[in-house]
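Read the structure below first, then the notes.
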Amino acid sequence: MNRRPIPENHKDYSQPILKVFLGYFRPHWKLFALDLSCALAASLIDLAFPLAARRAMYTMLPNKAFEAFFTIMAVFVVAFVLKAVLQYVITYWGHMFGVRVEADLREDLFVHMQSLDYEFFDKNRTGQLLSRMTGDLFEITEFAHHGPEDVFIASVTIIGAVIIMFTIQWKLALLILILLPIALFIVLLCRSRMVRTSGEVKVRLAEINGEIESGLSGIRTSKAFANEETDYTKFAEANEEFKTAKCENYRAFGQFASSLEYFMSIMPVAIMAFGGWLIMKDNMNYVDMITFYLYISTFITPIRKLANFMETFMNGWAGLTRFMNIMRMQPKVTDAPDAVVLTSVEGRIDMEDVWFTYDEEKDVLRGVDLHVSPGETVAIVGPSGGGKTTLCQLIPRFYDVEAGAIRIDGTDVRQVKKDSLRKAIGIVQQDVFLFPDTIRENIRYGRPDATDEEVKEAAIKAELYEDILGMPRQFDTYTGERGVRLSGGQKQRVSIARIFLKNPPVLILDEATSALDTVTESRIQGAFDKLAEGRTTIIIAHRLSTIRNADRIILIDEGEIREEGTHEELMALGGQYAALYRFSVQ
Ligand code: ADP
Ligand code: MG
């Protein structure tokens, strides 16, 4: 796999939405111009035909000028072939333009999301983010090319036709000029109601999908409690609401379709009535009447297009606003302009009077002082919710401290390039994330340029090699979604193998074995011991038996260090640690 560097994005998202949006058109302006000029040419052909037909009816039919008449008709047969070609270009290249804008938008959004902090992902659901990456962007690009194209074609055709009509018979043209805005207004009004109700349908659909999902994925729990009726009730309510929303939507659709239909058919009637009167008054002739008929038939498509545009615009703008909201979020944890690259790390960690809060309400860490020398193994224990995980996440700067400082080898982590800092730290957590890929690629994730041989060595060190040999396709075995095909212990050893490949000087084990049973835990303890060798190691442990041999043990409770010392010292102290320890080995 060829690794690609992450592209830099220099767009200024603080500018007005429309300006930023048009900025995405710029690299593809040639396609856009092609799209619009073909659209213009197609409308001109539409406008030209009734005019030419009128001329033919005036001069050629009365004189029986067969040759000239059929030449003109032949010209239009060819012109409409040309229009078909133009239509192809508009549809194909217009969409190509959209696809390219969409790809750019998606790339910028993905790269931007990648740059956002833990905090952002704490607050947003993956499912919603995913729907923004797909649904919203699609709506935006539909708007990007159909918008200008449809509005352009429709206005050129309608305005052009009205102007020509005025030159033919201004009274009849005036009637159309009055009818047309009324028709457009009512049709667009109905369409906007359709957009609103279809938004409601989307919301209800998401809800009912949620109910079905939780009903099915929780089916085992539901059966165990014999609670099918409760689940059915929730489902039935959501189903009812979904049904109502769909009914509303179809009602709006019906109104839209019938009003459009009505105005389409009332136009010819109006022309016949008023035009007929003009003819009887000798103010107009049949040829002009026919020409008018030809012109109003060119209205149908533009009016439909404008009605569609209404929908693309509303959806696209909503998507664009959500896109901009994300793009305007700034990551807080960024490289300082004078940040240094961390090289040959020894692994000393100093935390000085560290304060931290997630939500401004409660201080999760309150003045923690902790100094770890290179190569030392420090265990952190304490009641759940005390702030152990939080403390460890501050070292690689997943969050920044509120007050105080964390230093690595004496340099404040905020003065170090994030990449180099994180390359120096290996983290193993309770739940391991495996990518839906082969076991080899999952291990290689620790260092993407590692050779197969190195991957194998890492697997051996992590005591995973024999397990892999026993798998159906060895290193090529597919691990399944989130690694469902591996046991908990195997997954944990994949993450150990990753760290062996990464080979960082600092190691953080955050309840790495808590999810495993004690037998599995003691079996892979050897792999952990080997991993910790020669590295500064911070172990958060749930089962205190596993950290007895740590150089130092720190007890954290309510964000403060309460006790500190070796196992023997703390036992002799007879405080919180001693109580926890006695309780856990009972
Ligand atoms: P420990 O690892 O010791 O069990 P944590 O560091 O996970 O404790 O949590 C400390 C406190 O911070 C808890 O009160 C917890 O509810 C809160 N907390 C943890 N993670 C978050 C988060 N992402 N957003 C908000 N609060 C959090
Ligand atoms: Mg924790």
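Whatever order the structure lists them in is the order used to number ligands and atoms, beginning at 1.
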For a salt bridge (Lys or Arg N to Asp or Glu O under 4.0 Å) check, start with the C-alpha distance between Arg562 and Asp557, then their side-chain angles and the critical distance, and finish with the verdict. CA-CA 7 Å; Arg562 294 279 161 84; Asp557 188 10; 3.4 Å; yes

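- Ring geometry for Phe398 versus Tyr118: interplanar angle under 30°, hence parallel rather than tilted (30 to 60°).
- Protein heavy atoms are found inside the 4.0 Å sphere centred on atom 3 (O) of ligand 1.
- Regarding atom 9 (O) of ligand 1, its nearest protein heavy-atom neighbour is Thr390 OG1, 3.8 Å.
- Of the protein's heavy atoms, Asp122 OD2, 2.9 Å lies nearest to atom 23 (N) of ligand 1.
- Within the 4.0 Å heavy-atom criterion, the part of Val364 lying near ligand 1 is the side chain and not the backbone.
- Residue-ligand proximity: Asp359 is placed with every non-hydrogen atom at 4.0 Å or more from ligand 1.
- Ring geometry for Tyr445 against Phe435 counts as tilted: the plane angle lies between 30° and 60°, on a 0 to 90° scale.
- Salt-bridge check for Glu441 with Arg444: passed, with a basic side-chain N closer than 4.0 Å to an acidic carboxylate O.
- At the top of the distance list for atom 26 (N) of ligand 1, counting protein heavy atoms only, stands Tyr358 CD1, 3.3 Å.
- When non-hydrogen atoms are compared, ligand 1 lies under 4.0 Å from the side chain of Tyr399 (C-beta onward) but not from its backbone.
- At the shortest separation from atom 13 (C) of ligand 1 among protein heavy atoms lies Gly385 O, 3.8 Å.
- At a threshold of 2.8 Å, the Mg ion (ligand 2) has no backbone or side-chain N, O or S atom of Gln430 nearer than that distance.
- Ranking protein heavy atoms by distance to atom 7 (O) of ligand 1, first place goes to Thr389 CB, 3.6 Å.
- Between Tyr24 and Phe323, the two ring planes are perpendicular [angle over 60°; tilted spans 30° to 60°].
- Contact record, Met324 with Gln15: CE-O, 4.1 Å, taken as the closest heavy-atom pair.
- In this structure, Gln415 and Asp338 have side chains that are in contact, with non-hydrogen atoms separated by less than 4.5 Å.
- For atom 8 (O) of ligand 1, the nearest protein heavy atom (residue, atom name, distance) is Gly387 N, 3.2 Å.
- Nearest heavy-atom pair across Leu116 and Phe121 is O-CE1, 3.8 Å.
- Residue contacts with ligand 1 do not include Phe121, since none of its heavy atoms lies under 4.0 Å from the ligand.
- The closest protein non-hydrogen atom to atom 16 (O) of ligand 1 is Lys362 NZ, 5.0 Å.
- The only member of Glu563, Glu564, Glu569 that meets salt bridge (Lys or Arg N to Asp or Glu O under 4.0 Å) when paired with Arg552 is Glu564.
- Residue contact check for ligand 1: Gln393 places no non-hydrogen atom closer than 4.0 Å to it.
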